[in-house]
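Bear in mind that the values here come from a model prediction, so they are computed numbers and not experimental data. Any value given below was found using the heavy atoms of this structure, including those in side chains, with hydrogens, waters and symmetry copies removed.
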Amino acid sequence: EIIPSEEANWSAIFPLERVREVIGEATGRDPGVVERVEIKKKGPSGRAVTFAVNDQKISGPGMRLGLGSKEMRSTYIDEMNVQGNMLHLSGTGFGHGVGMCQWGARALAEQGKTPEDIINYFYRKIKIIKLWD
């Protein structure tokens with residue numbers, strides 16, 4: 001609820017030739033002229049773990065970093081389609097999805113939670129210890 005709508009959702013368009021380059025750079029194999037892009041596997045949170053470009057697989061984070069993490073802001077994809085010579089993506093969130101939500105941490109802090117409370121909220125079954133005086 002605290003996240004501004006312009007921060008929560010995103011959309012991006014990438015030339016298929018750029019997608020082809022990203023796959024080639026990441027895997028060392030040219031996928032050929034891009035005809036289809038699909039999510040092959042999703043993780044428990046619903047984020048794309050593996051994409052397939054034609055028949056060439058790439059990790060979700062690999063695709064995101066290759067295309068640009070400021071443009072493809074997360075691997076939580078709501079819609080994906082190829083139109084003409086462009087890949088259209090839209091999704092939710094901003095980040096890698098394996099850590100602390102900065103907006104969530106802010107909301108907890110505004111509720112008066114301590115830093116330790118916030119860390120324990122996002123990282124369960126951990127022990128916070130002091131390593132120095």
Side-chain angles (χ1 to χ4, degrees):
E1 297 171 9
I2 191 174
I3 303 172
S5 60
E6 67 272 10
E7 293 291 323
N9 301 303
W10 58 270
S11 62
I13 301 171
F14 302 97
L16 293 179
E17 190 57 35
R18 178 67 188 134
V19 175
R20 181 179 182 175
E21 290 169 4
V22 165
I23 301 303
E25 291 168 7
T27 67
R29 295 185 298 275
D30 181 4
V33 175
V34 177
E35 296 175 359
R36 69 184 185 288
V37 180
E38 59 188 328
I39 297 172
K40 293 301 274 186
K41 181 180 178 186
K42 289 185 178 184
S45 69
R47 288 174 175 77
V49 172
T50 308
F51 287 92
V53 176
N54 295 339
D55 293 323
Q56 188 66 49
K57 291 182 182 176
I58 184 172
S59 72
M63 179 80 123
R64 178 175 177 249
L65 292 174
L67 291 174
S69 59
K70 289 184 180 179
E71 293 79 21
M72 183 179 173
R73 293 174 33 180
S74 75
T75 56
Y76 197 96
I77 307 297
D78 298 321
E79 292 185 37
M80 178 175 66
N81 59 66
V82 173
Q83 294 179 10
N85 63 347
M86 306 296 266
L87 172 63
H88 296 252
L89 295 171
S90 64
T92 303
F94 196 153
H96 43 69
V98 296
M100 183 185 309
C101 170
Q102 300 301 301
W103 285 103
R106 177 181 172 176
L108 292 170
E110 288 174 353
Q111 294 170 15
K113 302 293 184 188
T114 67
E116 293 79 8
D117 292 337
I118 295 169
I119 296 294
N120 281 304
Y121 178 86
F122 286 100
Y123 302 97
R124 298 203 168 93
K125 298 182 182 178
I126 64 162
K127 184 177 180 183
I128 299 173
I129 59 171
K130 187 173 182 178
L131 295 176
W132 62 91
D133 290 320

Handout entry: Same cluster (ILVMFWY, side-chain, under 4.5 Å), Val82 and Ile39
Key = yes
Exercise for the section: Could you tell me the separation between the CE atom of Met80 and the CD atom of Glu38, rounded to the nearest 0.5 Å? Expected result: 7.0 Å
Practice task
Scan Leu16, Ile23, Val22 and name whichever one has a side-chain contact (heavy atoms from CB on, under 4.5 Å) with Val53.
Solution key: Ile23
Completion exercise
One should read off an interatomic distance between Phe51 CZ and Leu89 CG, to the nearest 0.5 angstrom, of 6.5 Å
Exercise for the section: Establish whether Tyr123 and Ile128 are linked, either directly or via other cluster members, by ILVMFWY side-chain heavy-atom contacts under 4.5 Å. Expected result: yes
Exercise for the section: Measure the shortest side-chain to side-chain distance between Ile119 and Ile126 over non-hydrogen atoms and say whether it is less than 4.5 angstrom. Expected result: yes
Problem - Closest contact, heavy atoms only, Met63 versus Val37 - result: CE-CG1, 4.0 Å
Problem - CD/Glu110: more than 12 non-hydrogen atoms of other groups inside 6.0 Å - result: yes
Handout entry: Side chains of Trp10 and Met72 in contact at under 4.5 Å (non-hydrogen atoms)
Key = yes
Problem - Set of residues satisfying side-chain hydrogen bond (donor to acceptor under 3.5 Å, both in side chains) with respect to Glu21, sequence neighbours excluded - result: Arg18
Practice task
Report the distance from atom CD1 of Ile58 to atom CG of Leu65, rounding to the nearest 0.5 Å.
Solution key: 9.0 Å
Handout entry: Test side chain to side chain contact (heavy atoms under 4.5 Å, CB included) applied to Arg106 and Ile118, step by step
Key = CA-CA 9 Å; Arg106 177 181 172 176; Ile118 295 169; over 6 Å; no
Handout entry: Partners passing side-chain hydrogen bond (donor to acceptor under 3.5 Å, both in side chains) against Thr92 (at least two apart in sequence or in another chain)
Key = Asn9, Asp78
Practice task
Give a yes or no on whether Phe122 atom CZ has more than 12 heavy-atom contacts from other residues, nucleotides or ligands under 6.0 Å away.
Solution key: yes
Practice task
Under the side chain to side chain donor-acceptor pair (under 3.5 Å) rule, what do Thr27 and Arg29 come out as? Steps first, then yes or no, please.
Solution key: CA-CA 5 Å; Thr27 67; Arg29 295 185 298 275; 4.9 Å; no
Exercise for the section: Look at atom CZ of Phe14 and say whether more than 12 heavy atoms of other residues, nucleotides or ligands are closer to it than 6.0 Å. Expected result: yes
Handout entry: Interatomic distance, Arg36 atom CZ to Asn54 atom CG [nearest 0.5 angstrom]
Key = 5.5 Å
Handout entry: Atom pair OG1 (Thr50) and NZ (Lys40), whose distance is rounded to the nearest 0.5 Å
Key = 9.5 Å
Handout entry: 4.5 Å side-chain heavy-atom contact, Arg20 and Glu17
Key = yes
